[in-house]
Amino acid sequence: MKTICLYFEIHQIIHLKRYRFFEIGTDHYYYDDYANEQGINEVVERSYIPALKTLIEMAKENEGMFKVALSISGVALEQLEIHAPAVIELLHELNATGCCEFICEPYSHGLSSLANEDCFREEVEQMRRKVKDYFGQEPKVFRNSSLIYDNEIGGIVASMGFKGMLVEGAKHVLGWKSAHYLYHCAENPNLKLLMRDFKLSDDISLRFSNSEWSEYPLFADKYIDWIASLPENEQVINIFMELSALGIAQPLSSNILEFLKALPVCAKQRGITFSTPTEIVTKLKSVDMVDVPYPMSWADEERDISPWLGNVMQREAFNKLYSVAERVHLCDDRRIKQDWYYLQASNNFRFMTTKDTGVGLNRGIYDSPYDAFTNYMNILGDFLGRVNALYPVDMDNEELSSLLTTIKNQGEELVQLTSEVNKLQAALKKAEGAKKTTTKKTAEGTEKKSTAKKTTKKEA
């Protein structure tokens with residue numbers, strides 16, 4: 001029986017403000033609050049709220065037959081908490097239907113998986129805790145920023161206890177294989193891979209309202225017929241996209257939400273179900289491994305990491321940022337950590353791209369990729385100064401790590417000694433209490449005997 005795995009991503013760009021070279025060292029606030037508030041309010045009104053209401057309605061009307069998966073970056077959750085708490089309420093309402101699985105992704109929606117394993121692990125664990133705290137779900141499936149994946153990343157994700165991972169069904173990786181099967185990681189077969197069907201996904205997220213498209217207009221029954229006509233043994237159809245596709249990329253006037261609402265009904269008529277990622281990786285067996293020696297993603301035609309690291313400027317900014325990764329990883333300064341997550345966000349590097357993809361790129365305040373690079377490097381210059389001020393600049397990461405490890409171990413020993421002292425004090429207190437109780441009982445017994453003797457004498 002065929003099953004559809006429908007997944008949406010929620011991420012919000014953190015807009016940086018115009019930051020001049022002469023502000024380095026004097027201004028430590030890097031963000032355009034007006035642009036951030038305006039941007040998130042627009043996408044919330046035009047996309048998130050109507051889309052989430054539709055998903056809630058679909059879950060309630062189809063009584064467990066419809067299921068969906070969502071992942072939300074940590075930086076997006078922070079922005080929603082500040083500017084759009086109504087979206088948080090809708091996410092809780094969707095969660096309460098029991099038809100939504102929340103999966104994990106890097107907190108920053110950044111590229112740490114390509115640079116530093118410790119930082120990558122740290123932000124994944126932070127996001128895992130956040131999902132648990134918000135929605136009461138323990139994520140078992142992972143998706144990396146822009147579905148970036150290779151064998152090494154898969155091995156790290158598997159070692160963190162995840163059972164499955166969402167990846168791109170890129171042609172240069174799959175070759176003659178179909179994306180409609182469950183595969184596993186080349187480094188660790190315990191990690192199952194759900195391969196995105198980019199054609200069926202892009203038919204909704206990119207082409208739905210294009211009147212020049214040969215399949216326009218697309219109706220739900222036709223779409224489900226395409227899925228039903230796939231070979232019988234191709235059972236897993238993974239349709240992954242950004243939630244903002246519903247309302248932003250495809251305007252509400254195109255009836256995109258009506259199309260979405262009709263999918264479960266048409267699927268039921270054709271004997272096609274909906275499943276969450278965890279249900280698929282738990283119930284189905286992998287048919288083969290997928291070997292991905294070089295990183296791939298779901299972006300652009302090449303499906304690689306060139307949108308973020310394709311030119312010298314991007315690589316320079318990337319290398320400069322992650323040159324302090326170890327120091328930030330060891331740091332516990334709240335403001336440094338927050339800026340670290342915001343500066344890691346992949347869009348900062350995407351704004352610097354010089355690729356001509358034929359698709360317009362909104363660079364925000366930037367006039368060109370060179371303008372984006374200059375502004376980001378100015379901000380990065382100030383950030384690096386703040387990080388280096390926390391620790392001796394002439395101490396390399398290995399020495400610093402050794403020093404902080406010693407301090408940490410001493411702290412843990414102190415905690416352990418304190419715990420043992422507390423236990424001894426509690427035991428002594430308990431012994432003293434028992435002694436007092438015994439003494440009291442003895443005294444009471446003696447007093448009773450004395451009273452009894454006096455009573456006997458009086459009677460005599």
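Hydrogens, waters and symmetry mates play no part in the numbers below; they use all other heavy atoms, side chains included.
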Separation of Lys17 NZ from Ile365 CD1 (nearest 0.5 Å): 10.5 Å

Polar contact flag, side-chain donor to acceptor under 3.5 angstrom, Asp288-Tyr181: no

Distance-only polar pair, side chains of Asp339 and Tyr31, donor-acceptor under 3.5 Å: yes

Glu9 side chain to Ser71 side chain, donor-acceptor N/O pair below 3.5 angstrom: no

Ring centre gap for Phe259 and Phe219 strictly below 6.0 Å: no

Over 12 non-hydrogen atoms of neighbours within 6.0 angstrom of CD in Glu152: no

4.5 Å side-chain heavy-atom contact, Arg386 and His28: yes

salt_bridge(Glu57, Lys53) N-O dist < 4.0 Å: no

Ring center gap for Tyr107 and Trp340 short of 6.0 angstrom: no

Evaluation steps, side-chain contact (heavy atoms from CB on, under 4.5 Å), between Ile204 and Ile256: CA-CA 8 Å; Ile204 297 176; Ile256 183 68; 3.9 Å; yes

Stepwise side-chain contact (heavy atoms from CB on, under 4.5 Å) check, Phe383 with Tyr30: CA-CA 9 Å; Phe383 178 74; Tyr30 312 135; 3.9 Å; yes

Side-chain donor-acceptor pair present, Ser112, Glu123, cut-off under 3.5 Å: yes

Between CE on residue Met313 and CE on residue Met377, distance to nearest 0.5 Å: 11.0 Å

Side-chain H-bond candidate by donor/acceptor type, Thr273 with Thr3, under 3.5 Å: yes

Test of ring centre spacing under 6.0 Å for Phe135 and His92: yes

Heavy-atom side-chain proximity of Pro369 to Thr353 below 4.5 angstrom: no

Lys NZ or Arg CZ of Arg143 over Phe162 ring: under 6.0 Å, within 45°: no

Nearest atoms (heavy-atom pairs only) where Met352 meets Ala317: CE-CB, 3.9 Å

Straight-line distance of Leu263 CG to Met58 CE, nearest 0.5 Å: 6.0 Å

Heavy atoms of other groups near Lys337 NZ, more than 12 under 6.0 Å: yes

Check against salt bridge (charged side-chain N to carboxylate O under 4.0 Å, His left out), Lys67 and Glu279: CA-CA 10 Å; Lys67 295 174 183 178; Glu279 288 176 338; 2.6 Å; yes

Any donor-acceptor N or O pair under 3.5 Å, side chains Ser73, His11: yes

CG on Leu90 to CG on Leu52, rounded to 0.5 Å: 5.5 Å

Nearest-0.5 Å distance, OG of residue Ser47 to CG of residue Leu257: 8.0 Å

Criterion salt bridge (charged side-chain N to carboxylate O under 4.0 Å, His left out) on Lys222 and Glu215, from CA distance to verdict: CA-CA 9 Å; Lys222 181 200 289 188; Glu215 301 294 344; 3.6 Å; yes

Face-on cation placement of Arg315 at Trp308 ring, 6.0 Å and 45° thresholds: no

Ionic contact status for Asp133 with Arg128, cut-off 4.0 Å: no

Polar side chain donor-acceptor pair, Tyr342 to Asn348, under 3.5 angstrom: no

Residues Glu78 and Tyr341: side-chain donor-acceptor under 3.5 angstrom: no

Heavy-atom closest pair, residues Ile237 and His180: CG1-CD2, 4.1 Å

Heavy-atom pair of closest approach, residues Asp27 and Tyr19: O-OH, 2.5 Å

pair Asn95-Gln137: side-chain heavy atoms closer than 4.5 Å: yes

Candidate pair Tyr294 and Asp304, rule side-chain contact (heavy atoms from CB on, under 4.5 Å), full reasoning: CA-CA 8 Å; Tyr294 305 105; Asp304 58 13; over 6 Å; no

Ser113 to Ile153 - nearest heavy-atom pair and separation: OG-CD1, 3.7 Å

Residue pair Phe240 / Asp197, side-chain heavy-atom distance below 4.5 Å: no

Ring geometry between Tyr223 and Trp226 (parallel below 30°, tilted from 30 to 60°, perpendicular above 60°): tilted

side-chain contact (heavy atoms from CB on, under 4.5 Å) between Asp32 and Leu16, intermediate numbers included: CA-CA 5 Å; Asp32 187 334; Leu16 302 178; over 6 Å; no

side-chain contact (heavy atoms from CB on, under 4.5 Å) partner of Tyr7, chosen from Val141, Ile103, Ile239: Ile103

Close side-chain approach of Asn210 to Tyr216, heavy-atom, < 4.5 Å: no

Minimum side-chain heavy-atom gap Val75-Gln12 below 4.5 Å: no

Whether Tyr322 and Phe318 hold their rings parallel, tilted or perpendicular, with breakpoints at 30° and 60°: tilted

No-hydrogen, no-angle side-chain donor-acceptor test under 3.5 Å, Ser306 and Lys355: yes

Residue pair Tyr376, Phe349: steps toward the ring pair (Phe, Tyr, Trp, His ring centres under 6.0 Å) verdict: CA-CA 9 Å; Tyr376 184 79; Phe349 303 97; 5.5 Å; yes

Exercise: identify the closest heavy-atom pair between Arg363 and Arg350: NH1-O, 4.3 Å

Test: Arg303 cationic atom under 6.0 Å from Phe198 six-membered ring centre, within 45° of axis: yes

Under 3.5 Å side-chain donor-acceptor pair for His83 and Asn36: no

Test item: side-chain donor near acceptor, Asn116 and His329, under 3.5 Å: no

CD-CG distance between Gln314 and Asn319, expressed to the nearest 0.5 angstrom: 11.5 Å

Pair Arg121-Glu125, salt bridge (charged side-chain N to carboxylate O under 4.0 Å, His left out): steps then yes or no: CA-CA 6 Å; Arg121 287 177 178 272; Glu125 290 297 343; over 6 Å; no

Nearest atoms (heavy-atom pairs only) where Asn378 meets Phe21: ND2-N, 3.5 Å

